[in-house]
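Working notes, beginning with the structure itself.
Each ligand, and each atom within it, is numbered from 1 in the order the structure gives. Only heavy atoms go into these numbers, but all of them, side chains included; no hydrogens, no water, no symmetry mates. We're numbering straight along the sequence, starting at 1.
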Amino acid sequence: MNLLNLTPEEAESVLSQWIVDRGEPNYRTRQVLPRLWQRPVATWHDTTDLPRPLIQALERDFPLQRPTLVSHQKSVDGTVKFLWKLDGDTAIESVLIPERSRTTLCVSSQAGCAYDCVFCATGAMGFQRHLQPWEITAQVRELTLDERYGTPTHVVFMGMGEPLHNWQAVDQALTILNHPSGMGIGARRITVSTIGIVPNLRRLAARPEQFRVAISLHAPSSQRRFKLMPVERKYPIADVLEAVQEIRKRVTFEYVMIKGMNDSDDDARDLAQIARATGALVNLLPLHPGGAGTLRPSSAERIKQFASLLQSNGAKVTVRRSRGLDISGACGQLRIDTPLGSDIEAK
Ligand code: SAH
């Protein structure tokens with residue numbers, strides 16, 4: 001059984017029963033449980049305070065599954081992109097972004113993505129499979145295990161995949177990341193970014209913790225959004241905005257600036273109106289090359305004008321600085337080209 005796929009509470013109850021069944025003292029549970037996430041070990045053999053037979057039994061009954069680090073690339077700006085191999089030929093990436101006192105890890109929730117946003121490199125590779133909870137949280141756990149990095153202060157679900165398309169696993173992973181007996185990362189330091197899978201957005205909004213939500217909006221009207229994001233047909237912007245009202249914390253609207261597609265003065269005014277109505281913060285970012293085909297980013301000048309137009313129309317706005325461009329680690333650039341095997345192994 002893979003304890004890392006359970007919530008901390010479930011893992012505790014499985015472990016304590018197992019401890020009792022083995023005739024071990026109850027306090028063993030309190031020694032073993034923190035080794036899953038709080039003070040993780042790579043293998044049970046690395047625990048020093050347990051008797052050898054117990055370690056061997058843990059190895060046999062609850063082996064700790066880990067992804068394999070295939071490569072890590074460091075950008076000139078300090079951003080690090082990790083390529084992990086999961087079982088078989090599945091691979092995923094995560095990106096670590098250090099900024100002064102915080103380090104943000106951008107995690108993947110799926111291998112590939114099913115939603116095919118026209119500007120996104122992950123979308124272009126298609127959908128491979130959902131990740132299990134442990135495969136999502138392992139991206140954090142592995143950094144905790146690695147003394148070069150340590151546990152990130154913030155986690156954003158902005159890597160590969162659509163987190164709300166894999167709700168069951170993401171729901172579970174959120175609990176593991178946040179729970180005091182899990183990784184203990186504050187809910188306000190965990191952001192789920194989504195194109196707006198409405199029923200699951202509602203489920204996320206209904207959770208009692210204050211997880212942050214970012215909505216990939218990218219256009220202020222159904223007609224224009226549909227050209228960029230095919231999901232608009234199934235979950236139109238109006239339904240997404242209605243579900244947004246159920247989120248108790250301020251949401252962020254992510255808005256990739258694409259020349260001639262969504263960056264007109266009218267777009268800015270319409271977007272400002274939506275942002276005002278929902279109290280959202282608009283986060284502008286330039287289109288990054290990668291999956292975008294013939295699309296081009298709006299100029300820096302245009303982004304500035306767009307931002308001030310939003311502001312003068314009463315919207316709150318920030319412009320995101322691109323990180324990790326030189327290692328294709330920026331938003332929307334994550335992509336695995338070859339099926340795992342020869343090519344990736346060689347990196
Ligand atoms: N599926 C989720 C999680 C991925 S997050 C979502 O879409 O929100 C990745 C973020 O990067 C999203 O806001 C996405 O719209 C944005 N993005 C995708 N392709 C991009 C590109 N080429 N340039 C800049 N941002 C991009």
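A salt bridge links E135 with R129: the distance from a Lys NZ or Arg NE/NH1/NH2 to an Asp or Glu carboxylate oxygen falls below 4.0 Å.
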I'd like a table of donor-acceptor pairs (distance under 3.5 Å, sequence neighbours excluded) in which one partner is a side-chain atom from residues 53-62, with atom names and distances.
from, atom 1, to, atom 2, distance (Å)
E59, OE2, W44, N, 2.8
D61, OD2, W18, NE1, 2.7

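Note on residues 146-163: pairs passing side-chain hydrogen bond (donor to acceptor under 3.5 Å, both in side chains), not counting sequence neighbours, are H72-Y149, T144-T151, D146-R148, E162-T194.
Not a single salt bridge (Lys or Arg N to Asp or Glu O under 4.0 Å) links D263 to another residue, sequence neighbours left out.
Listed by chain and number, residues touching ligand 1 at under 4.0 Å (heavy atoms only) are F119, C120, F157, M158, G159, G161, E162, P163, S193, T194, I195, S216, H218, E254, V256, L285, P286, L287, H288, C331, G332.
D266 and S264 are not linked by any side-chain donor-acceptor pair at a separation below 3.5 angstrom, with hydrogens and angles left out of the test.
The ring of Y255 has its center closer than 6.0 angstrom to the ring center of F306.
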